[in-house]
Structure formats: C-alpha cells, structure tokens
Amino acid sequence: MSDLSSEEAEEEAEAYLGEYDGERNSEGERHGRGKAELPNGDTYEGEYEHSLRNGQGTYRFKNGAFYVGEYLQNKKHGHGTFYYPDGSKYEGSWVDDQRHGYGEYTYANGDSYAGEWFNDNRHGQGTYIYKDTGSKYVGGWVNGIQEGEAELIHLNHRYRGKFLNGIPVGRGKYIFDIGCEQHGEYIQPEEEDKGEEEEEEELSLLAAPKWKATEITKLIHWMPNVEKTPSPSEGPPAAADETVEETAADEKDKMRTSAVTDESAESRDDELSVHKASSEVFSPMKDTEEEDEGIKEEDNEGEEYPGTDSLEDKEDESKEAE
C-alpha cells in the first residue's frame, strides 16, 4: 500500500511540474539543463537542481511576460530582468521572488526609477525621472513613497528639502538658475473643527501644505583669480599704461605746436593774411559751420586754436597793408 502511494505521489508531482525534456540525476529528478512546459501554459528553459529551478533560466508566462535571470529553489533570486506585459521592465536584484536591493525600473508611461528596493517596493535612496516634464526626484523612499531628505529638480529650478507621504514639508529652499535662492517653509493650513466621523473619513485627504517664503539670497559662484599672460607682441601689462601716458603727452605737444604755428602765421606777408581771411570768410562751409567754428574752447595754456581770428581784425590788417 505504501509503494502504491509513493508512485501516485510521483505521478502527481510530475503532472504538477508538467512536461519536461532535459537532464536528470540518478534518482530521476530534473537535474541540469532542461525545458519544461507547465500545466498552466507557462514554459521554463534553464538549469535545474533536484527538480527545482536553480541557476540561470528563462521563464515565459502565457500572458506575454517573461523573466531572464537567476533562480534559487524555484524563486527568482539574484540578478535578473523581468519584462511585464504592459511594456515595463525591471532589471536588478531579486530575493525570494521580490525586487530587493538595487534595481532599475522603466514604467509603461516612460517614467523610470533607479535605486534601492525592499520587498518589491522602492525603499531607500533612489532617483525617479518623469518623462513628460523632465523633472527628477532624487532622495529618500519609504515603502514606495517619497519620504526623507530629497531634491526635486525641474528644467530651470529645483527644490531642496524634506518630503513626507510624497509632498514637501517643513523648511527648504528653491534654487533658480538665474542665480538666486528662495528660502522658506511649507506650512500645513489650519482646518476647521469637524466631527469625529468626518475626520476619520478624511485622514488620507489632507490639504496640501502652502509655501511661505522668508528670504531671497544670491548664489555665490566662486571664480579663480587668473592673471592674463600677455603675448610676446603685447609686452608686459605695465607697458600699456606707459603707452597711454606717452600718447596723451604727444597730443598735448601737438596742440602746443599748432598754437605756435598760428602765432608765426600772423607775422607772414600781408597779402597771405588777407587771402587767408577772405578764404575763411567766404568759404561755402562757413555759413553752416559758423556757430561751431566761432565758439571753440581754449587749451590748457589759454591759447586760441588756429583760425579763430575775428573778421574785423583781418580787415584792419588788410587796410593797413594798403
């Protein structure tokens, strides 16, 4: 009777495991590499130990999902990649059929998470990227919910502070790319007193906290003090200052020379003086430039610029010459 019971048990176990084609050990157990088709329509191809999936293998579900990775006693354990029917994918560490350790999850909507896992949940430190907005959450997680110190990064600014139940709480600051920081805190708005039944129903529907800014500060960017090395053609920096001084001195000497030349011009021949005066008075441009030419400033020596003799003086000189 006992022999028949053991045979029946083996037949039931084989029926539970489905059809198998592969290696076996001396005891007839699935052992080594093999391929099995389970009664529910799933298939497995990979390594076995004592009739259990153990080692590297590929398990395909009839709904289209499949897993490629390591097994330990029929459970996903170690490193592996799971492809879900909706198009999402997880690649990382597994423990007892659960996502556990470090792993990267790409969701069906394009979002992604890379970080720590615990018992199939995001737990620890990780980075979640929102595909639609490009925003990024970098910080703590507790049982799949954003919690702890973190930084929420947007396209042109970021928030750095503490999160609880997926929302920012307490003190923090916004950092803007334009070069300033806004410090403040998130405050839970006060609610009116309600009955006990209403409070119990709305425990999970708390109002979102409001941001209260306290101050705005400027970002301080450190810049190294690097002196410009002059090229051989430019010479040392001091030479530039000397050149400016020399240029100013040359201009001043030119002005003085012009003044001396004007004085010597007054002692020239009378006919030359008359001709010069006449050409200045009846020049076609004289009428339009009379105001500018007649009101010229004196230089540092108090001498007039050339060509500023009045018309009356020039006529008197011409009469005396006649």
Side-chain angles (χ1 to χ4, degrees), residues 46 53-61 63-177 181-186 188 203-206 208-209 211 219:
R53 295 185 294 274
N54 208 90
Q56 193 73 22
T58 300
Y59 191 103
R60 296 183 181 275
F61 298 81
N63 63 1
F66 65 98
Y67 169 82
V68 180
E70 296 177 294
Y71 276 91
L72 179 63
Q73 296 182 354
N74 270 2
K75 293 183 178 180
K76 296 183 285 292
H77 193 96
H79 186 85
T81 304
F82 198 105
Y83 299 86
Y84 297 87
D86 60 359
S88 57
K89 181 185 76 170
Y90 171 81
E91 180 179 1
S93 179
W94 297 80
V95 174
D96 291 335
D97 259 351
Q98 294 184 325
R99 297 180 290 266
H100 193 100
Y102 179 85
E104 299 179 3
Y105 200 118
T106 303
Y107 297 87
N109 64 354
D111 293 357
S112 64
Y113 171 81
E116 297 175 309
W117 295 77
F118 181 81
N119 291 339
D120 248 7
N121 288 320
R122 299 182 292 266
H123 190 93
Q125 293 294 312
T127 299
Y128 192 100
I129 301 176
Y130 301 87
K131 182 186 177 186
D132 292 342
T133 61
S135 298
K136 183 190 303 183
Y137 174 91
V138 183
W141 296 79
V142 176
N143 295 326
I145 300 175
Q146 298 169 352
E147 189 166 316
E149 294 290 336
E151 188 172 36
L152 185 58
I153 305 171
H154 301 286
L155 295 179
N156 56 3
H157 70 283
R158 64 185 64 194
Y159 173 77
R160 189 178 297 167
K162 188 175 291 185
F163 285 75
L164 180 64
N165 292 327
I167 57 177
V169 294
R171 297 195 61 81
K173 65 179 179 179
Y174 282 92
I175 304 171
F176 297 91
D177 292 349
E181 297 180 354
Q182 186 184 73
H183 301 258
E185 63 178 321
Y186 275 99
Q188 190 71 33
L203 284 176
S204 59
L205 300 176
L206 296 175
W211 173 252
L219 286 176

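Between Asp177 and Leu155, the shortest heavy-atom distance links the atoms OD2-O, 3.5 Å.
A donor-acceptor contact closer than 3.5 angstrom is absent between the side chains of Trp117 and Gln98. Tyr102 and Glu104 share a side-chain donor-acceptor pair at under 3.5 Å. No side-chain donor from either of His100 and Ser93 sits under 3.5 Å from a side-chain acceptor of the other.
Remark: side-chain polar atoms of Glu70 are paired, donor with acceptor, to backbone N or O of His79 under 3.5 angstrom. Side chain of Arg122 to main chain of Gly144: a donor-acceptor pair is present (N/O by atom type, distance under 3.5 Å, no hydrogens or angles). For Glu151 (side chain) and Arg160 (main-chain N/O), no donor-acceptor pair under 3.5 Å exists by modelled atom type. Within the 3.5 Å criterion, the main-chain N or O of Lys75 finds no donor-acceptor partner in the side chain of Asp97. Between the side chain of Asn74 and the backbone N or O of Arg53, at least one donor-acceptor pair lies under 3.5 Å.
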For this session: Run the numbers on Trp211 and Gln182 for side chain to side chain donor-acceptor pair (under 3.5 Å), then give the verdict.
Result: CA-CA 11 Å; Trp211 173 252; Gln182 186 184 73; 2.9 Å; yes
Exercise. Does the side chain to side chain contact (heavy atoms under 4.5 Å, CB included) test come out yes or no for His154 and Thr133, once each step is laid out?
Worked result: CA-CA 8 Å; His154 301 286; Thr133 61; 5.8 Å; no
For this session: May I have the step-by-step check of side chain to side chain contact (heavy atoms under 4.5 Å, CB included) for Leu152 and Phe163, ending in yes or no?
Result: CA-CA 10 Å; Leu152 185 58; Phe163 285 75; 4.1 Å; yes
For this session: Report the C-alpha distance between His157 and Ile175 in whole Å, list the side-chain angles of each, state the deciding distance to 0.1 Å, and finish with yes or no for side chain to side chain contact (heavy atoms under 4.5 Å, CB included).
Result: CA-CA 6 Å; His157 70 283; Ile175 304 171; over 6 Å; no
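Ring centers of Tyr84 and Phe66: at least 6.0 Å apart, outside the cut-off. Aromatic rings from Tyr137 and Tyr159 are positioned such that their centres are separated by 6.0 Å or more.
Side-chain atoms of Trp141 and Gln146, non-hydrogen and from C-beta on, do get closer than 4.5 Å to each other. Side-chain contact between Val142 and His123 is present, with at least one heavy-atom pair separated by less than 4.5 Å. Side-chain contact between Tyr130 and Asp132 is absent, with no heavy-atom pair separated by less than 4.5 Å. Within the 4.5 Å cutoff, the side chain of Thr106 has no heavy atoms near those of the Ser88 side chain.
Once rounded to the nearest 0.5 Å, the distance linking CD of Glu91 with NZ of Lys89 reads 5.5 Å. Here the CZ-CZ distance, from Phe82 to Arg99, works out to 9.0 Å after rounding to the nearest 0.5 Å. Atom NZ of Lys173 sits about 5.5 Å away from atom NE2 of His183, to the nearest 0.5 Å.
In this pair, Tyr90 and Trp94 present their aromatic rings perpendicular. The plane angle is above 60°, beyond the 30 to 60° band.
For the pair Lys76 and Tyr67, the distance from NZ or CZ to the six-membered ring centre is under 6.0 Å and the angle to the ring normal is within 45 degrees.
At a threshold of 4.0 Å, the pair Lys131-Asp111 does not count as salt-bridged, since none of the basic side-chain nitrogens sits closer than that to a carboxylate oxygen.
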